[in-house]
Amino acid sequence: MIRFFDTLRGEVVPFEPLVPGEVRLYTCGPTVYNYNHIGNYRAYVFEDLLKRFLVFMGYKVVHVMNITDVDDKIIRDAGAKGVPIADFVKVYTDAFFEGLAALRIAPADRYPRATEHIPDMVRIIQGLLAKGYAYRKDGSIYFSIAKFPGYGKLSKIKRDELKTTSRIGARIEADEYEKESAQDFALWKAPKPGEPSWDTALGPGRPGWHIECSAMSSKYLGETFDIHCGGVDNIFPHHENEIAQSEAFSGKPFVRNWLHCHHLIVDGEKMAKSKGNQYTLADLAARGISPVALRFLLLGTHYRKVLNFTFEAVDQAKAAVQRIQDFAYELDHRAFPEGAAGPDVSRLVAESDRKFRQGLSDDLNIAAGLTAAFELVREANALIARNAVGKADAEVLKAALRSFDRVLAVLPEAKDETLPADLAALIDERERVRSARDFKRADEIRDVLLSRGIVLEDTRDGVRWKRVRQ
RNA sequence: GGCGCGGUACCCAAGUGGCUAAGGGAGAGGUCUGCAAAACCUCGAUUCGCCGGUUCGAGUCCGGCCCGCGCCUCCA
């Protein structure tokens with residue numbers, strides 16, 4: 001049985017999708033006004049783990065992730081640069097998708113854009129007006145949270161405390177706003193000069209932030225769907241407001257399971273532009289950090305815990321990934337004796353598979369999952385060292401490792417990589433001088449290859465090479 | 001002030017009442033090797049932020065305290 005922590009209920013609960021065997025998943029995507037930093041990607045990697053695990057467990061997953069391509073910051077920053085919004089947004093949207101691919105995040109089924117769903121949002125806002133949940137004020141339309149009794153149920157905030165419990169220094173004076181209540185939020189914003197505006201049945205203007213997710217999730221996943229994810233910072237106000245809008249409009253429960261990922265900090269401190277620790281993938285690439293090592297690092301801390309990013313932890317993640325990759329390499333390249341699969345390997349594979357499933361089924365306990373995966377690696381290596389693994393065993397182990405990797409996604413994609421001719425020639429030369437016992441020259445060649453990212457291993461079956469990332 | 005997460009070996013990180021406190025990294029010793037690499041074997045917390053309490057028994061439950069971090073109107 002799979003169990004997840006549900007933010008709304010505040011406890012770990014059995015996971016039961018609305019339609020057996022199928023999971024409808026909505027994950028909050030980026031607002032494309034800047035390059036994503038590793039904190040953003042932590043959330044996406046967590047969602048990838050969730051989705052890959054569900055697929056691994058046999059579910060069909062329909063995954064939708066929004067792209068917010070109109071909002072205050074986009075308008076502000078595009079304006080400051082003097083760039084058309086469409087061009088401005090494209091740069092960061094493209095970078096976002098590159099980042100997903102680099103981190104081996106399995107693509108969603110759809111990436112709906114806010115600007116392409118204005119009519120869907122208008123329809124919901126019209127409905128909310130008709131039902132009395134929304135009101136007009138100076139060309140804008142607001143949602144009245146007083147009309148929605150369940151307001152605050154996700155974030156555990158009591159409506160009457162909202163006014164007084166705001167962070168010190170950030171209190172909101174009701175009269176600064178043109179709303180009936182300071183806590184009401186905008187569904188539709190009146191047009192302003194220089195801002196994008198749509199002419200709709202509501203009048204001219206642009207959508208508020210929250211309404212897009214209500215519109216696009218219900219359009220593609222239904223008015224009630226299984227899982228909605230995001231960072232903890234989205235709990236309030238974003239997801240709280242989504243619930244209010246969606247449930248007020250449809251009269252049905254919006255989401256069955258809310259999963260929120262905690263934040264990433266760097267060297268024990270919150271990321272901040274002023275601290276210069278808001279790393280992007282490009283920043284890390286410039287330091288020679290491979291995306292797969294980063295993926296493993298982001299994956300390795302349970303999603304409901306704060307992840308402390310350090311460069312030491314990156315090195316450790318890299319070493320751990322290397323261990324798994326080396327094991328796969330061994331299975332692919334070692335000359336195993338002929339023979340049928342033996343009971344030791346079968347038992348090992350069955351046991352680690354059981355632990356892997358059981359671990360991740362427990363609210364995505366990734367540590368338990370990784371323990372199972374490393375158990376397979378360690379025990380199989382021990383059997384190999386004792387010469388107890390035949391060809392058929394190796395195939396069974398390979399299949400098991402590939403199976404885990406459907407979730408972890410850290411193994412090299414394609415093999416059969418060919419070595420540049422000059423490097424291949426060097427390896428041949430080294431073999432010649434080695435048999436002539438000219439070890440000085442042999443070691444020189446090894447150093448040359450290492451500087452090109454190639455490690456040589458002399459085995460009983462001959463020399464072999466592999467690539468290492470710096 | 002409200003809501004929430006966490007303090008377990010040098011580092012990362014499981015474990016939520018009971019066999020010898022997972023796993024990974026780093027480290028030490030050994031096997032193998034021309035030397036390496038990889039792999040394997042061995043070692044590594046009498047102890048789980050601190051103080052009380054409950055219990056035959058607590059890292060695990062209860063109370064108190066200390067420390068770190070996050071969210072509280074648009075930041076994943």
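- The partner of B:U73, taking Watson-Crick or G-U wobble pairs whose two distances both stay under 3.5 Å, does not exist in any strand shown.
- Counting only heavy atoms from C-beta outward, the side chains of A:Pro207 and A:His117 never approach each other to under 4.5 Å.
- B:C19 and B:C12 are spaced 27 Å apart, taking the C1' atom of each and rounding to whole Å.
- Base pairing of B:U16 is not made with any nucleotide, judged by Watson-Crick or G-U wobble geometry with both donor-acceptor distances under 3.5 Å.
- Nucleotides of RNA chain B nearest to A:Ala372 and A:Lys440 differ in position, and the one nearer the 5' end is that of A:Ala372.
- A side chain to side chain contact (heavy atoms under 4.5 Å, CB included) with A:Phe309 is found for one member of A:Ile265, A:Leu297, A:Thr301, A:Asp267 and no other, namely A:Leu297.
- Residue A:Leu360 contributes atom CG, which lies 18 Å from atom P of B:G23 at whole-angstrom precision.
- One atom, CZ of A:Phe309, and another, C1' of B:A13, lie 17 Å apart when rounded to the nearest Å.
- Side-chain N/O atoms of A:Asn365 include one lying less than 4.0 angstrom from OP1 or OP2 on B:G15.
- Judged by distance alone, with hydrogens and angles left aside, A:Arg441 brings no side-chain donor or acceptor close enough to the base of B:G34 to form a pair under 3.5 Å.
- Rounded to an integer number of Å, the gap from CD of A:Gln322 to P of B:C12 is 22 Å.
- Applying the Watson-Crick and G-U wobble criteria (two distances, each under 3.5 Å), B:A21 pairs with nothing in any strand.
- Side-chain to base pairing of A:Asp443 with B:G34: one donor and one acceptor N or O lie within less than 3.5 Å of each other.
- Classification of the A:Phe46-A:Tyr303 ring pair by plane angle, with boundaries at 30° and 60°, yields parallel.
- Within 4.0 Å (heavy atoms only), A:Arg446 reaches at least one base atom of the nucleic acid.
- Within 4.0 Å of A:Arg434, counting heavy atoms only, lies at least one base atom of the nucleic acid.
- What separates OH of A:Tyr303 from P of B:A14 is a distance of 13 Å, to the nearest Å.
- Counting any heavy atom pair closer than 4.0 Å across all strands shown, A:Glu312 reaches sugar-phosphate atoms only and no base atom.
- Both A:Glu330 and A:Phe296 sit near RNA chain B, but only A:Phe296 has its closest nucleotide nearer the 5' end.
- Using a 4.0 Å heavy-atom criterion, one finds that A:Ala320 contacts the sugar-phosphate atoms exclusively.
- Looking at heavy-atom distances under 4.0 Å, A:Ala367 makes contact with a base.
- With hydrogens and angles left out, the side chain of A:Asp458 and the base of B:C35 share a donor-acceptor pair within 3.5 Å.
- Taking atom CD of residue A:Gln316 and atom C1' of nucleotide B:A13, one finds them 10 Å apart after rounding to whole Å.
- Distance, A:His263 NE2 to B:G70 P: 10 Å, rounded to whole Å.
- Residue ring and nucleobase are not stacked for A:Phe374 and B:G23 under a centre distance beneath 5.5 angstrom and an angle between planes beneath 30°.
- Once the 5.5 Å centre distance and the 30° plane angle are applied, the aromatic ring of A:His262 is found not to be stacked with the base of B:G70.
- When both pairing distances are held under 3.5 Å, B:C32 makes no Watson-Crick or G-U pair with any nucleotide shown.
- The residue A:Asn36 sits apart from the nucleic acid: no heavy atom pair falls under 4.0 Å.
- Side-chain contact between A:Met65 and A:Phe96 is present, with at least one heavy-atom pair separated by less than 4.5 Å.
- Remark: C1' of B:A76 and CG of A:Asp48 are 15 Å apart, rounded to the nearest angstrom.
- Nucleotides B:A39 and B:U47 have their C1' atoms positioned 32 Å apart, rounded to a whole Å.
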